[in-house]
Protein chains: 2
Amino acid sequence: MELKESMLENFIDKCRESGLKITPQRVAVYEILLKSHNHPTVEEIYEEVKKRYPFVSLATVYRTVETLEQMGLAKKVCYWGSSARYDANTDEHHHLICMNCGAIRDIYMEEKIDIPKELEGFETSGYSVNVYGLCPECREKAQPSM
Amino acid sequence: MELKESMLENFIDKCRESGLKITPQRVAVYEILLKSHNHPTVEEIYEEVKKRYPFVSLATVYRTVETLEQMGLAKKVCYWGSSARYDANTDEHHHLICMNCGAIRDIYMEEKIDIPKELEGFETSGYSVNVYGLCPECREKAQPSM
DNA sequence: ATACCTGCAAAGGCTTTGCGGTTCG
DNA sequence: CGAACCGCAAAGCCTTTGCAGGTAT
């Protein structure tokens, strides 16, 4: 949609400003991250990029997501499982996490929590709520004898 | 304090019930985890255990924290940085996390969030709030020119 | 006595890095 | 053209695992 277009343009502008080159791989990684709503792992992004650029390397994807993180356009999330997942959704949102397979889904809640600007000496800058549970697929699989 | 005593006894009872042996290393790891309020990494626990049992191996600490997690006596937390941290605080509590150094502090909030038992097909089992910010130490260091 | 556990070392993932060649601006 | 970037392969963590000897019950 329009939204993604504008975010891509924003990304390109930001790259120009910082003297970062606009390479096809870079754009592809960000585009894929914008499209995915399932917080892909680097490996998953890599597989997706490979469909478009078969010779891309995993290292490039790692380097790109790190760049995106530094630009504030993506966030690394890491809860269950061994590999980090990335998220380009910059709306204020929260996560529903499957404790079995590590799947993550975005959730939105009207309720806002009021966090003081300063807490125990920390300068706070935001919060996020993680709701833990079992995803539909894992619920089904985990159905034991009875 | 008393509290820790009883938690240790609870741990020992639970081990007996499950046929797990009560070894000095195991007890030491749990005791250290109970005492620490800074969510140590496995490496940090290991260093601490080594003071008491110099020949302990890192693998044992890894195995023990996993056992504790399966027993529901410790939780793995993993946000910033590369290594997982462990927490034996089983109260309902939340985390204040330094985005620079990864330090974690427990926080308690009166406000409860009401989470439906089922959410987008997930069977929910709990939630936690992460507040992000800069810890006092990092705030000081990060003080730039002005 | 025996099932479980430990220490050691090796193997296994995920992630980062060094290098030479390539590409964007 | 030059700086930045890419692909490849190797190296670097953190974590797990196999095995032989040791320990709790």
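Chain naming here is simple, since letters A, B, ... match the order of the sequence lines and numbering starts at 1 in each.
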Item to complete: Fit a plane to each ring of B/His95 and B/His39, take the angle between them on a 0 to 90° scale, and name the class: parallel (under 30°), tilted (30 to 60°) or perpendicular (over 60°).
Response: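 B/His95 and B/His39: perpendicular rings.
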Discussion item. Assess whether a salt bridge exists between B/Glu123 and A/Arg139, defined as any Lys/Arg side-chain N lying under 4.0 Å from an Asp/Glu carboxylate O.
Written reply: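 Answer for the salt bridge query: yes.
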Worksheet item: Which pairs count as side chain to side chain donor-acceptor pair (under 3.5 Å) when at least one residue sits in residues 108-117 of chain A, sequence neighbours excluded?
Response: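 Listed by first then second residue: A/Asn89-A/Tyr108.
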Worksheet entry | Rounded to 10 degrees, the angle between the two terminal axes of the helix from C/dA1-D/dT25 to C/dG25-D/dC1, each from five pairs |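 Its terminal axes enclose an angle near 40°.
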Discussion item. Holding to side chain to side chain donor-acceptor pair (under 3.5 Å), I want the full list of residues that pass it with A/Asn38, two or more places apart in sequence or in another chain.
Written reply: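 Applying side chain to side chain donor-acceptor pair (under 3.5 Å) to A/Asn38 gives none.
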Worksheet item: Which whole-number value in Å describes the distance from B/Tyr86 OH to D/dC14 P?
Response: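 Nearest whole value for this atom pair: 14 Å.
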May I ask you to decide if [Y]'s main-chain N or O and [X]'s side chain share a donor-acceptor pair within less than 3.5 Å?
X	Y	value
A/Thr124	A/Pro116	yes
B/Tyr127	B/Ile113	yes
A/Ser57	A/Ala59	yes

Worksheet item: What residues in residues 33-64 of chain B put a non-hydrogen atom under 4.0 Å from any atom of DNA chain C?
Response: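 Heavy-atom cutoff 4.0 Å gives B/Phe55, B/Val56, B/Ser57, B/Ala59, B/Thr60, B/Arg63.
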Worksheet item: So, is B/Gln25 close to the C/dG7 phosphate, meaning a side-chain N or O under 4.0 Å from OP1 or OP2?
Response: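 So the side chain of B/Gln25 is within the cut-off, an N or O lying under 4.0 Å from OP1 or OP2 of C/dG7.
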Pairwise N/O distances under 3.5 Å, protein to nucleotides 21-25 of chain C:
residue	atom	partner	partner atom	Å
C/dC24	O2	A/Lys21	NZ	2.9
C/dG25	OP1	A/Ile22	N	3.2

Is there a side-chain contact between [X] and [Y] in this structure, where contact means two heavy atoms from C-beta onward sitting under 4.5 Å apart?
X	Y	answer
B/Ser125	A/Leu134	no
B/Glu31	B/Leu8	yes
B/Met71	B/Cys15	yes

Discussion item. Under 4.5 Å between side-chain heavy atoms, counting indirect links through other Ile/Leu/Val/Met/Phe/Trp/Tyr residues: same cluster for B/Tyr132 and B/Leu96 or not?
Written reply: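 No, it is not one cluster - the side chains of B/Tyr132 and B/Leu96 are not joined through contacts under 4.5 Å.
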Worksheet entry | Shortest non-hydrogen separation from A/His94 to A/Val129 and the atoms involved |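 Shortest heavy-atom contact: ND1-N, 2.9 Å.
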Item to complete: Grab the two heavy atoms, one from B/Ile97 and one from A/Phe122, that are nearest each other, plus how far apart they are.
Response: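 Here B/Ile97 and A/Phe122 meet closest at C-CE2, 4.0 Å.
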Worksheet item: Contacts to DNA chain D from residues 66-73 of chain B, heavy-atom cutoff under 4.0 Å, which residues?
Response: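 Close to the strand, none.
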